[in-house]
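Contents: one structure, followed by commentary.
Every number for a ligand or one of its atoms is a count from 1 in the order of the listing. Just the heavy atoms: all of them, side chains too, but no hydrogens, waters or symmetry mates, feed the values below.
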Amino acid sequence: MTAFLFLIVFLFTKTQALQNGGMWMLLKRSIGISAMHMAILPNGHLVTFDRTEFGRSNISLPPHMCRNGHQDCTAHSVDFEPVTRAVRPLMVLTDTWCSSGALLPNGTLLQTGGYFTGDRTIRYLSPCDNCNWLEVPNGLSVRRWYATNHALPDGRVIVVGGRGQFSYEFVPKHDNQESAYALPFLYETKDRWENNLYPFVHLSTDGNLFIFANTKSILLDYVKNKVVRTFPEMPGAIARNYPSTGSSVLLPIRLSKENDDSNLNAEVMICGGTSPNAYPLANSSNIFIPASDTCGRLVITADSPNWVIEKMPIPRIMGDMVLLPTGRDVLIINGAGKGSAGWTLGREPVLQPVIYNIGSIEEKVNPKFFIMNPSAIPRLYHSSAQLIPDGRVLVGGSNPNRLYEFSGVMYPTDLSLEAFLPPYFEAPRPKIVRIYSNDSRIGYGGKISIVFDKAAESKVTKDVMVTMIVPAFTTHSFSMSQRVLILSVDAVRNVGLLPSNRYAVDASAPASRTVAPPGYYMLFVVYGGVPSKGEWVQLI
Ligand SMILES: *[C@@H]1O[C@H](CO)[C@@H](O)[C@H](O)[C@H]1NC(C)=O
Ligand SMILES: *[C@@H]1O[C@H](CO)[C@@H](O)[C@H](O)[C@H]1NC(C)=O
Ligand SMILES: *[C@@H]1O[C@H](CO)[C@@H](O)[C@H](O)[C@H]1NC(C)=O
Ligand SMILES: *[C@@H]1O[C@H](CO)[C@@H](O)[C@H](O)[C@H]1NC(C)=O
């Protein structure tokens with residue numbers, strides 16, 4: 001009977017699609033935990049975890065892994081395989097609540113900090129079928145709760161800020177003398193209600209870090225611990241970081257033909273958020289004010305950068321911004337229309353994702369928003385979204401409640417996992433046949449050649465792109481280290497004996513670690529605007 005019901009639900013959700021508005025699939029009614037934090041590993045598995053302080057979860061650990069002297073035999077982290085939909089419970093002992101992470105160059109996930117028992121812990125999870133979390137107590141110099149991580153060109157990871165922490169540090173450290181470095185900017189952007197937690201951190205093409213908190217932003221030379229640039233304040237008096245949670249992306253970086261990565265443009269886009277007073281109004285007076293409908297774009301490499309403000313068709317707080325493999329689109333998904341981040345303070349779930357086409361000055365295409373088909377499931381505080389190699393976006397989580405609450409609350413704890421299928425799933429997609437490089441590892445400044453089949457139905461076009469995407473670590477509406485590179489294409493050749501659907505695209509690998517930190521990427525061929533499934537490649 002249960003299996004029968006699942007089948008109905010599955011078929012029903014599969015047909016919930018309108019033309020070009022994308023499609024939703026319910027993958028699992030329950031993965032046993034609420035997907036507060038998400039990462040995708042180079043074995044294609046999704047790793048997710050919430051917090052150990054939620055009490056018992058809805059998935060059991062094998063008996064030998066019980067926590068707290070065998071009091072609690074449930075898991076607060078799981079491994080999910082997106083094709084078979086298999087769920088494997090993982091053991092995490094210390095509290096990972098509101099923590100951060102990044103993939104290391106060797107494909108192991110690094111996770112840092114959290115709350116109380118876990119606030120200085122460093123954890124590692126390697127991509128294998130029976131790997132489990134390894135926890136290193138006191139690995140951080142200071143406690144980090146609501147901090148942001150970013151993968152760096154030297155293979156290390158920077159951890160920025162956190163509640164009450166106006167500093168950054170590196171993992172691993174250069175030596176055991178190295179500790180945290182002061183970052184007064186984080187203190188200066190903190191207002192009475194904070195509004196500067198989970199700062200937005202992006203690695204610019206010049207090697208410096210763009211850091212945005214509340215309404216302000218800087219460019220930080222993290223090696224010299226020096227602020228090298230202060231950007232104009234984002235107009236509109238909207239706070240963008242927790243608890244006024246908006247989201248931010250570094251727009252796709254177009255690598256140059258000359259294979260010289262020293263003068264590339266970098267542009268940031270930040271969307272949604274709310275007034276800095278939204279949190280106290282919701283928390284103390286039960287007043288839930290509308291979220292902001294604005295986005296701002298800033299070319300952070302320009303000589304005199306200025307914010308360009310655009311209006312989203314739907315106001316949003318706690319939205320996730322996910323860069324799609326087309327290299328032209330930003331998906332804005334999840335979140336609420338009113339209220340604030342924080343326990344039970346969000347109202348009016350926004351069920352419709354929006355796709356923002358970034359436009360192109362050269363091709364005279366104006367940026368544009370497209371409203372997508374709605375999901376049936378609210379994704380409020382503690383929800384997340386993550387691109388996977390087949391081009392789907394996994395969506396899960398939502399637990400605005402202090403514990404797991406399944407009834408008697410406005411927005412119950414959600415343990416489900418869905419996939420959003422962007423409109424390119426409705427188009428005939430190209431297929432990668434083979435990647436010619438050095439052992440599927442790609443060397444800096446080298447050449448790669450990708451053989452692919454265009455779909456028989458799709459027209460012949462000169463519009464062929466190769467994109468490479470860093471798998472992000474996502475929580476609290478921000479995808480840390482998320483990065484899309486558009487490779488420079490040298491030639492596209494038809495490689496059949498007779499004219500056929502088989503092509504090879506010759507492209508240049510990124511020239512430097514500054515633009516492309518070492519590690520795993522998902523590589524896509526985009527034919528006529530439609531991406532293939534991605535293949536994992538390692539840049540070394
Ligand atoms: C989780 O477990 C609780 C207690 O057994 C149960 O009441 C609840 O329905 C379960 N929730 C889901 C989504 O499976
Ligand atoms: C990757 O590096 C980390 C940190 O040095 C190490 O803990 C982990 O075991 C390595 N993973 C693999 C798969 O080699
Ligand atoms: C939020 O509301 C609770 C209960 O009314 C109160 O105890 C707490 O101090 C408030 N928090 C803030 C930051 O105003
Ligand atoms: C190919 O990889 C090997 C090690 O994996 C390395 O020694 C060699 O230099 C690489 N060759 C090129 C052309 O990148």
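Nearest heavy-atom pair, Val142 versus Ser167, reported as atom, atom and distance to 0.1 Å: CG2-OG, 4.3 Å. Nearest heavy-atom pair, Val47 versus Ser77, reported as atom, atom and distance to 0.1 Å: CG1-OG, 4.4 Å. Between Thr96 and Arg51, the shortest heavy-atom contact is OG1-CA, 4.0 Å.
Classification of the His382-Trp97 ring pair by plane angle, with boundaries at 30° and 60°, yields perpendicular.
Judged by the shortest distance from any of its heavy atoms, Ser126 lies inside the 4.0 Å radius around the atoms of ligand 2.
Using modelled atom types, one side-chain atom of Arg144 and one backbone atom of Gly161 make a donor-acceptor pair closer than 3.5 Å.
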Hey, what polar pairs (N/O, under 3.5 Å) does ligand 3 make with protein?
unit_1: ligand 3; atom_1: 2 (O); unit_2: Asn283; atom_2: OD1; d: 3.0
unit_1: ligand 3; atom_1: 2 (O); unit_2: Asn283; atom_2: ND2; d: 2.4
unit_1: ligand 3; atom_1: 11 (N); unit_2: Asn283; atom_2: ND2; d: 2.8
unit_1: ligand 3; atom_1: 14 (O); unit_2: Asn283; atom_2: ND2; d: 3.3

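For the pair Arg29 and ligand 1, the shortest N or O to N or O distance does not fall below 3.5 Å. Residue Asn106 has at least one N or O atom closer than 3.5 Å to an N or O atom of ligand 2.
Distance CG/Leu421 to CH2/Trp24: 10.0 Å, rounded to 0.5 Å.
Counting non-hydrogen atoms of other residues, nucleotides and ligands closer than 6.0 Å to NZ of Lys533 gives a total of 12 or fewer.
Remark: Thr475 engages Met36, His37, Tyr198, Phe473, Met480 in a side-chain contact (heavy atoms from CB on, under 4.5 Å) (not counting sequence neighbours).
Atom numbering of ligand 1 starts at 1 in the shown order; those under 4.0 Å from a heavy atom of Leu415 are 12 (C), 13 (C). Residue contact check: Thr108 has heavy atoms under 4.0 Å from atoms 1 (C), 8 (C), 10 (C), 11 (N), 12 (C), 13 (C) of ligand 2.
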